[in-house]
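Reviewing the structure listed below.
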Amino acid sequence: MALIVQKFGGTSVGSIDRIRNVAKRCIATQKAGNDVVVIVSAMSGETNRLLALAHEVTKVPEAREMDAIAATGEQVSAALTAMAIQNEGGRARSLLGHQVKILTDDAFTKARIKAIDGSKIFSTVQNGEIAVVAGFQGVDENGDITTLGRGGSDTSAVAVAAAIGADACEIFTDVDGVYTTDPNICPTARKIPKISYEEMLELASLGAKVLQIRSVEIAMKYGVPVHVRSSFSDAEGTWVKAEDKTLEDVVVAGVAYDKSEARVHLVGVADKPGVVAEIFSAIAEKNISVDMIIQNVSSSATGQADVTFTVAKTDLARGKPFIEETAKQVGASAVRYDEDIVKVSIVGLGMRSHAGVAAKMFRILAKENINIQAISTSEIKVSCLVAAKYTELAVRALHDGFGLDVPPKEG
Ligand code: ADP
Ligand code: ASP
Ligand code: MG
């Protein structure tokens, strides 16, 4: 008998009919002789709806209350899924984050899991019931409800799988696996049969929302093999697992894009030691994470430089007052913001041993007349910041330009 964790995303539980399908699938898995733990997301669109309600009341809602409202989406789908299983003749019990309990820190809206108590899940499945756990949510030491960040039900699933020593962790979603890029914007995207934790981690952190980044970190840390697959078919999906030889052969494994960041431009700050440190220390103190940074030195005659950086759009409203205060302190003549940007990235373990990959990326973008506003690189990725209107064009050109439209040769 195996212990199986099955996670169903928002689209998969997006209507009562779909919840009934989920119920049938879980019962079939149980009837095949397995203990089943189901993790559910909120019904599609529900989390956005709840967050929008909060923003209707106030421009910058308190994070603790945001989590109290956001977590209700998963409470509804967990109870509906348990009922649907019962309605199909199965046995099930819904469990919320605090009932499990999934203990997190108190970083509301982006909490991290500290510990999971598996005992309630074990007693539920040992009793012959399917445990239906609400994804995305946890509880902190004070008993306050927390959430794990957008897409956090993936993390709930992998963390629960690790905590209870599950034999498999299946992520059921609206695409049938991890693709070479988002199949919804690139018609030539191909399903990848298996991908290393490292590459998946990089793709996820660069915007491929098919798996939340924390879920991949936890899978890698605890060696949980994750199977990403379609909730609408039985087709084999993508296995995310430890690197093996064949994965190294591909230079670029995938292309990702991320529209969640905004560009901040501090014009004419003093070009002297300590200024950049002052800017970014002040911003970090307010718990605002900065991603890309560039400094262009203007002519030495003026003794001034421009500093440009990107932050999460969701941090911008809260961050603007601090950014502007800091800008004043370092003598910036103006602060400009641009939210119409996208970061496009190429990712691949094979880049470690290949030169010229970044140059090729720049050539491909240049050929499409796409201006690059900022660049960042690591051993296994290159990212370029470009205007958001070029998202599809840039992704498709890079995808096909690096030959990802053609399946790699066997052997
Ligand atoms: P769920 O609600 O099931 O968690 P998400 O919407 O969070 O689903 O994630 C699935 C979506 O991720 C797909 O519909 C697709 O648009 C997007 N996506 C982005 N990059 C990729 C990729 N490389 N492979 C597959 N899907 C991707
Ligand atoms: N419902 C949450 C969200 O929309 C969590 C998830 O779906 O994974 O971000
Ligand atoms: Mg998701």
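Nothing here was measured: the structure is a model prediction, and the numbers come from that model. When a ligand or atom number is given, it counts from 1 through the structure's own listing order.
- Atoms of ligand 1 lying under 4.0 Å from any heavy atom of Val178, numbered from 1 in the order shown and given with element: 24 (N).
- Within ligand 2, the atoms closer than 4.0 Å to a non-hydrogen atom of Ser41 are 6 (C), 7 (O), 8 (O), numbered from 1 in the order shown.
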Result block: side-chain N/O donor-acceptor pairs under 3.5 angstrom for residues 168-176, not counting sequence neighbours:
| from | atom 1 | to | atom 2 | distance (Å) |
| --- | --- | --- | --- | --- |
| Glu170 | OE1 | Gln6 | NE2 | 2.9 |
| Glu170 | OE2 | Arg229 | NH1 | 2.5 |
| Asp174 | OD2 | Thr11 | OG1 | 3.4 |
| Asp176 | OD1 | Tyr179 | OH | 2.6 |

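- Close approach of ligand 1 to Asn184 is summarised as follows: ligand atoms under 4.0 Å from at least one heavy atom of the residue are 13 (C), 14 (O), 15 (C), 16 (O).
- With hydrogens and angles left out, the side-chain atoms of Asp405 and His399 include no donor and acceptor closer than 3.5 Å.
- Val210 CB, 3.8 Å is the protein heavy atom nearest to atom 27 (C) of ligand 1.
- The single protein non-hydrogen atom nearest to atom 2 (O) of ligand 1 is Gly10 N, 3.1 Å, given as residue, atom name and distance.
- Close contacts of ligand 1 with Tyr179, meaning ligand atoms under 4.0 Å from a residue heavy atom, involve 22 (C), 23 (N), 24 (N), 25 (C).
- Inspection of the Ser119 and Asp117 side chains reveals an N or O donor paired with an N or O acceptor under 3.5 Å.
- Rounding to the nearest 0.5 angstrom, the gap separating the CD atom in Glu65 from the CG atom in Asp144 is 8.5 Å.
- Residue Gly151 has at least one N or O atom closer than 3.5 Å to an N or O atom of ligand 2.
- Applying the 4.0 Å criterion to heavy atoms of Lys7 picks out, from ligand 1, the atoms 4 (O).
- One option in Thr173, Val395, Asp182 has a heavy atom closer to atom 3 (O) of ligand 1 than any other, and that option is Thr173.
- Selection from Ser153, Ala71, Ala70 by nearest heavy atom to atom 8 (O) of ligand 2 gives Ser153.
- At least one heavy atom of Gly152 sits closer than 4.0 Å to an atom of ligand 2.
- In Thr181, the part holding a heavy atom less than 4.0 Å from any atom of ligand 1 is the backbone.
- Under the 3.5 Å distance criterion, the side-chain polar atoms of Gln30 are matched with a main-chain donor or acceptor of Gly128.
- Below 4.0 Å from some heavy atom of Ala208 lie the following atoms of ligand 1, by number and element: 19 (C), 20 (N).
- When each atom of ligand 1 is checked for a heavy atom of Asp174 under 4.0 Å away, the hits are 10 (C), 11 (C), 13 (C), 14 (O).
- Close contacts of ligand 2 with Arg150, meaning ligand atoms under 4.0 Å from a residue heavy atom, involve 3 (C), 4 (O), 9 (O).
- Judged by the shortest distance from any of its heavy atoms, Pro183 lies inside the 4.0 Å radius around the atoms of ligand 1.
- Looking at atom 25 (C) of ligand 1, its nearest protein heavy atom turns out to be Gly177 O, 3.4 Å.
- Summary of contacts: the protein heavy atom closest to atom 7 (O) of ligand 1 is Lys209 O, 3.4 Å.
- Counting heavy atoms under 4.0 Å from ligand 2, residue Glu74 touches it through the side chain alone.
- With respect to the salt-bridge test (charged N to carboxylate O, under 4.0 angstrom), the residues Asp154 and Lys7 qualify.
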